[in-house]
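Structure record follows, encoded as structure tokens.
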Amino acid sequence: MVDSSNHNGAHPTTDVLVVGAGPTGLLLAGDLAEAGLSVTVVEARPHKLSNLSRALVVHARVLEQFDARGIADEVVKLGHPIDRLALFERGELNPSRLPSRYPFVLFLPQYEVERVLERRAREAGVTFVHNTKVVGVDQDANGVTARAVAGKDANPDGPSTMYHASYLVGTDGVHSTIRSAVGLPFPGKSILSSLILADLKLGRGPDRPFTVNAVPDGFALLTEMGDDAYRLTGWNRHHQLPDDAPLDVEEIKELLRLNFGTDYGITDVRWKSRFHSDERQAPAYRVGRVFLAGDAAHVHSPAGAMGMNTGLQDAANLSWKLVAVLRDGADDHLLDTYQTERHAVGKIVLRMSGLLVRAALLHGTTARLLRATAGTVLSNVRPLADRAAAMISGIGISYQAPRGTHALTGKRAPDVQLAEGRLNELQRGGNFVLITPPGRNADVPLPRHVVQAHWNGERRTTALVRPDGYFCWATEEPDDANALCAALTTWVGPLRERP
């Protein structure tokens with residue numbers, strides 16, 4: 001556990017430099033360090049966890065990723081699980097039917113997620129450098145050099161520190177200096193201004209732990225956080241003010257009354273903020289040896305609460321690929337699949353969140369009637385409801401597989417019970433898992449970070465599961481050693497005998 005202060009001169013070379021210590025950067029850094037790589041995290045903020053809630057939801061797919069890292073139980077205990085979500089007038093989603101070990105939405109403030117992930121990263125040996133801002137990036141065929149200055153608002157031309165790494169990952173948010181440093185635009189537009197966030201204590205709460213409503217002049221979401229505390233997210237068409245305009249209690253009460261007919265007897269406002277919401281996506285998530293993840297790569301409305309979750313999935317996708325290249329000798333082209341897979345997911349999330357927020361903004365009588373009707377249909381047609389819940393939770397997202405590959409390729413691997421234990425447990429430590437039929441073992445030498453497991457039952461498929469929980473190769477052929485060798489070499493790295 002190391003926490004470095006800023007200083008002039010050259011910093012020792014590190015395998016990966018992560019810029020930004022939000023949830024995305026912390027998960028990524030922890031994964032890399034647990035795999036034995038040297039990792040430095042540079043963060044512009046001083047070393048203290050924010051007391052602002054910001055993101056508030058952890059979806060099922062991310063909880064599965066946490067389970068594969070041994071921290072899901074701790075995270076769930078800190079939060080407030082919800083198994084039913086109201087959507088507008090008549091709509092409702094039922095995450096209790098998700099095909100997951102975590103069939104619920106977990107309400108948990110972002111700072112609690114950060115606390116768990118930071119502790120894990122420190123225990124794995126990540127070096128943290130706080131109160132330091134990266135202001136320039138240079139790269140060549142051998143590595144990346146980042147120039148940083150002390151203090152978030154320091155003069156970029158002042159005394160600086162140089163950090164050298166094999167790869168750099170920018171997880172430094174919507175105003176990413178890394179994205180700007182590598183010359184990437186951030187195309188898109190603002191879709192809502194003067195959104196309100198507030199953490200409240202209520203004299204009396206609503207009947208449901210998650211309540212949302214939209215009226216002709218606005219919308220509001222009220223979410224139970226435990227201990228009589230609630231998070232309010234909302235918008236009032238008649239209060240369109242700059243982000244830095246004062247936000248008083250009376251405006252918050254008016255927003256509640258507008259949407260719910262009551263202000264629920266507010267007794268305390270713990271925190272409040274006004275902000276605007278953009279829809280933007282960088283055209284590339286990789287430029288040479290520099291990568292973008294989380295809000296640095298994509299940003300969208302808070303509808304569906306998919307922002308932090310999408311960033312965490314970015315980290316889970318990229319971390320094992322960097323390990324495969326840096327530690328295990330896999331071809332650098334493996335890193336291109338991060339762009340291919342996660343950029344496509346980013347587009348999907350932007351479309352989903354955009355559809356939800358535009359539905360909330362409908363204000364004509366006919367349009368609102370159509371929204372209510374759609375909500376009724378969504379609630380009562382189970383396949384539609386389950387599909388919507390799966391996509392929002394991340395459970396339903398897959399990666400596009402090359403033509404002609406097995407049907408499992410690119411699909412999420414459910415946490416099945418195998419002969420040797422649960423799949424997610426076998427993945428801990430960043431393992432691949434090779435699943436074969438009962439009584440059969442691989443006919444090729446497996447690297448030490450590929451775990452051999454067997455199906456329970458009579459399934460005859462042989463499948464390779466990546467550390468992020470997706471099938472990357474499968475076959476129904478009983479003796480396909482050449483294909484298995486090719487798959488292992490592509491995804492894991494050159495085959496070597498176990499030490």
Using ring pair (Phe, Tyr, Trp, His ring centres under 6.0 Å) as the criterion, list what pairs up with [X], not counting sequence neighbours.
| X | value |
| --- | --- |
| His343 | Tyr285 |
| Phe104 | none |
| Phe186 | none |

Residue pair [X] / [Y]: nearest heavy atoms and the distance that separates them:
| X | Y | result |
| --- | --- | --- |
| Arg237 | Pro216 | NH2-O, 3.0 Å |
| Leu255 | Gly234 | CD2-CA, 3.7 Å |
| Met308 | Val113 | CE-CG2, 4.2 Å |
| Gly79 | Pro81 | O-CD, 3.7 Å |
| Ile392 | Met352 | N-SD, 4.5 Å |
| Gln110 | Pro23 | NE2-CD, 3.5 Å |

Self-check item: Candidate pair Thr262 and Arg257, rule side-chain contact (heavy atoms from CB on, under 4.5 Å), full reasoning
Solution: CA-CA 4 Å; Thr262 176; Arg257 291 192 293 262; 5.6 Å; no

Test item: [X] and [Y] side chains (from C-beta on) under 4.5 Å apart, heavy atoms:
| X | Y | result |
| --- | --- | --- |
| Leu221 | Phe219 | yes |
| Arg274 | Leu241 | yes |
| Asn317 | Glu341 | yes |
| Arg231 | Leu222 | no |
| Ile348 | Arg351 | yes |
| Asn431 | Pro467 | no |
| Leu117 | Leu312 | yes |
| Ile82 | Thr223 | no |

Practice problem: Please test His239 against Glu254 for side-chain hydrogen bond (donor to acceptor under 3.5 Å, both in side chains), starting from the C-alpha separation and ending with a verdict. | Solution: CA-CA 10 Å; His239 285 281; Glu254 181 182 349; 3.1 Å; yes

Whether [X] side chain and [Y] backbone form a donor-acceptor pair below 3.5 Å:
| X | Y | result |
| --- | --- | --- |
| Asp278 | Arg280 | no |
| Asp314 | Gly294 | yes |
| Arg412 | Ser398 | no |
| Asp415 | Leu423 | yes |
| Arg286 | Leu292 | no |
| Ser353 | His300 | no |
| Thr132 | His130 | yes |
| Thr171 | Gly20 | yes |
| Asp83 | Pro103 | no |
| Arg179 | Ala296 | yes |

Looking only at the side chains, is there a donor atom on one of [X] and [Y] sitting less than 3.5 Å from an acceptor on the other?
| X | Y | value |
| --- | --- | --- |
| Glu279 | His298 | no |
| Gln313 | His59 | no |
| Gln240 | Ser194 | no |
| Thr177 | Asp172 | yes |
| Arg342 | Thr337 | no |
| Asn424 | Glu64 | no |
| His47 | Asn131 | no |

Quiz prompt | Criterion side-chain contact (heavy atoms from CB on, under 4.5 Å) on Thr409 and Phe471, from CA distance to verdict | solution = CA-CA 5 Å; Thr409 307; Phe471 292 106; 5.6 Å; no

Exercise. Using the salt bridge (Lys or Arg N to Asp or Glu O under 4.0 Å) rule, take Arg69 and Asp31 through it: C-alpha gap first, then chi angles, then the decisive distance, then the call.
Key: CA-CA 9 Å; Arg69 290 157 176 81; Asp31 284 0; 2.8 Å; yes

Quiz item: Is it true that the NZ or CZ of Arg61 lies under 6.0 Å from the centre of Tyr470's six-membered ring and within 45 degrees of the ring axis?
Solution: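 Yes - Arg61 lies over the ring of Tyr470, closer than 6.0 Å to its centre and within 45° of its axis.
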
Exercise. Answer yes or no for Arg122 and Phe128: cation-pi contact, defined as NZ/CZ to six-membered ring centre under 6.0 Å and angle to ring axis within 45°.
Key: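 That pair qualifies as a cation-pi contact.
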
Applying salt bridge (Lys or Arg N to Asp or Glu O under 4.0 Å), can you list everything that pairs with [X], at least two apart in sequence or on another chain?
| X | value |
| --- | --- |
| Asp295 | none |
| Glu34 | Arg120 |
| Asp73 | none |

Quiz prompt | Cationic N near anionic O, under 4.0 Å, Arg428 to Asp67 | solution =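 Salt bridge: yes.
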
Spatial distance of atom [atom1] ([X]) from atom [atom2] ([Y]) [nearest 0.5 Å]:
| X | Y | atom1 | atom2 | result |
| --- | --- | --- | --- | --- |
| Leu232 | Leu200 | CG | CG | 5.5 Å |
| Leu63 | Ser100 | CG | OG | 7.5 Å |
| Leu258 | Phe260 | CG | CZ | 9.5 Å |
| Glu425 | Leu418 | CD | CG | 10.5 Å |
| Leu17 | Thr40 | CG | OG1 | 6.0 Å |

Tell me whether the count of non-hydrogen atoms from other residues, nucleotides or ligands lying under 6.0 Å of [atom1] in [X] goes above 12.
| X | atom1 | result |
| --- | --- | --- |
| Arg387 | CZ | no |
| Glu250 | CD | yes |
| His175 | NE2 | no |

Quiz prompt | Steps toward side-chain contact (heavy atoms from CB on, under 4.5 Å) verdict (Val144, Tyr163) | solution = CA-CA 8 Å; Val144 183; Tyr163 295 89; over 6 Å; no

Quiz prompt | Residue pair Glu251, Ile196: steps toward the side-chain contact (heavy atoms from CB on, under 4.5 Å) verdict | solution = CA-CA 9 Å; Glu251 185 177 345; Ile196 287 174; 3.6 Å; yes

